[in-house]
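To keep things clear, I will list the structure first and then write my remarks on it.
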2 protein chains.
Amino acid sequence: MRISTRFSDSIHILAFISIYKGKLPLTSENIAGSVKTSPVVVRRLMSALRKAGLLKTVHGSADPQIARPLDQISLYDIFLAVEGPKRHLFTIDEKTAPECIVGGNIQATLADYYHQAEVAAEAKLVQFKLADVIDSILVKQAQKEATKERK
Amino acid sequence: MRISTRFSDSIHILAFISIYKGKLPLTSENIAGSVKTSPVVVRRLMSALRKAGLLKTVHGSADPQIARPLDQISLYDIFLAVEGPKRHLFTIDEKTAPECIVGGNIQATLADYYHQAEVAAEAKLVQFKLADVIDSILVKQAQKEATKERK
DNA sequence: ATTATTGTAACTATATTAGTTACATATGTC
DNA sequence: GACATATGTAACTAATATAGTTACAATAAT
């Protein structure tokens, strides 16, 4: 199975909090308006981010705080927070016939190859920081506004 | 969503054909016995492999042929055959609010980062060949038999 | 006190995947 | 050529995962 939009939405939430802090009340309602989902979904994801130590929230208060500097939170940290460490990009078929040469050995074989491919992708996610994402968003927004200006 | 077992099962099918060719009748029934699925599922996957030019089959005849040398079929070729080129490992939320700074720019931003992570994983899959998988399977099988021998 | 908000459980709707049933079409053997 | 066996594929069903909804207790803010 493909990785769900939970990952994308969680990055979105953190970027939103960083960019709009002090400018908008950071209620799950307002955040949900930007993600275009329900406030409950937002709170559920924020709960996972809080449990992973990436976000600080106070029950009843609409003022979440990002727990670390933006260049010290990687996309992989966020991935782990919302998908967990057991989430794999590829899926091994666990039920193949153990008495067959292929069925009995392909699981360990593919586990090895898949792991290498996953580590390559994860290494990229470790490199990319929340700070980079926010910079990209702000640059793209500035480009949009400059284009709009130019008549 | 995670990548389905279609990918793993397709690798299994090709390895099975290579290892058991001439030793067992290569019916979808026999292959399905090793994958522990139904013959129809096997034929469906073999159909995708055939359309991608990785396998040659004859309607009504239980004698599939792998179309290229085993070291010229990568795991990525197999991935493309059964999952298609549009299949992504990560999912972008397409419905975020376009009028928001974050919602309006995060899609293009994440598309970029996700693409880099995916390419890193795909590059590994390109490196790994069907020949490597079959070698690994046979080595693991030999190890098992040697261990069994040793009393 | 009252209103707004978070945190979470339980449920529903939707989508994807795997598996099944059915059958037309082809092969291979007697 | 008839018959048994096999492939190729469509249509349906079952199982599972994800996203979204409803409901409500607990907390905060005024």
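Each chain gets a letter, A, B and so on, in the order the sequences are listed, and its residues count up from 1. Source: prediction; values computed, not measured.
For A/Lys86 and D/dA17, the NZ to P distance is 14 Å, given to the nearest whole Å. Per the geometry, NE2 belonging to A/His59 stands 9 Å off P belonging to C/dT6, to the nearest Å. Summarising the geometry, the separation between CG on B/Asp63 and P on C/dA26 is reported as 19 Å, rounded to the nearest angstrom. Between A/Arg6 atom CZ and D/dA19 atom C1' there is a gap of 9 Å when expressed in whole angstrom units. Atom pair B/Leu49:CG and D/dT7:P shows a separation of 14 Å (rounding to whole Å applied). The CG-P distance, from A/Asp93 to C/dG19, rounds to 7 Å in whole Å. Distance NZ (A/Lys51) to P (C/dT8): 5 Å, rounded to an integer number of Å. Remark: C1' of C/dT16 and CZ of B/Phe7 are 19 Å apart, rounded to the nearest angstrom.
Here the side chains of A/Ile66 and A/Leu54 are not in contact, with every heavy-atom distance at 4.5 Å or above.
The phosphate of D/dG8 (OP1 or OP2) has a side-chain N or O of B/Thr57 nearer than 4.0 angstrom. Look at B/Arg43 and you won't find any side-chain N or O under 4.0 angstrom from OP1 or OP2 of D/dA6. Between B/Lys56 and D/dT7 there is no side-chain polar atom (N or O) within less than 4.0 angstrom of OP1 or OP2. Within the structure, a side-chain polar atom (N or O) of B/Arg50 is placed less than 4.0 Å from OP1 or OP2 of D/dG8. The side chain of B/Arg87 contributes an N or O atom lying less than 4.0 Å from OP1 or OP2 of C/dT17. An OP1 or OP2 oxygen of C/dT6 is reached within less than 4.0 angstrom by no side-chain nitrogen or oxygen of A/Ser47.
For A/Ser4, whose side chain is taken as the heavy atoms from C-beta onward, the closest listed nucleotide among C/dT5, D/dT18, D/dG20 is D/dT18. Nearest to the side chain of B/Val40, among C/dT20, D/dT21, C/dG19, sits C/dT20.
For DNA chain C, the neighbouring residues in residues 26-37 of chain B, judged by any heavy atom under 4.0 Å, are B/Thr37.
Remark: B/Lys56 NZ is loosely packed, at most 12 non-hydrogen atoms of other residues, nucleotides or ligands lying under 6.0 Å away. Counting heavy-atom neighbours within 6.0 Å of B/Glu29 CD, excluding the residue itself, gives a total of 12 or less.
For B/Pro25 and B/Arg44, each mapped to the nucleotide of DNA chain D holding its nearest heavy atom, the one lying further toward the 5' end belongs to B/Pro25.
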Inset, instruction - Just do the side chain to side chain contact (heavy atoms under 4.5 Å, CB included) check on A/Lys129 and A/Leu70 with the steps written out, would you? - result: CA-CA 7 Å; A/Lys129 311 298 184 186; A/Leu70 301 179; over 6 Å; no
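Counted by atom type alone, B/Glu83 and B/Ser4 present one or more donor-acceptor pairs between their side chains at under 3.5 Å.
Judged as a ring-ring contact (aromatic ring centres under 6.0 Å, His included), the pairs with a partner in residues 18-40 of chain A (not counting sequence neighbours) are, in order, A/Phe16-A/Tyr20.
At a threshold of 4.5 Å between side-chain heavy atoms, the hydrophobic network of Ile, Leu, Val, Met, Phe, Trp and Tyr places A/Leu75 and A/Val126 in one connected group.
B/Ser61 comes within contact range of the sugar-phosphate backbone alone, with a heavy-atom separation under 4.0 Å but no base atom that close.
Taking all atoms of both residues into account, the shortest heavy-atom contact from A/Thr96 to B/Lys36 is C-CG, 4.0 Å.
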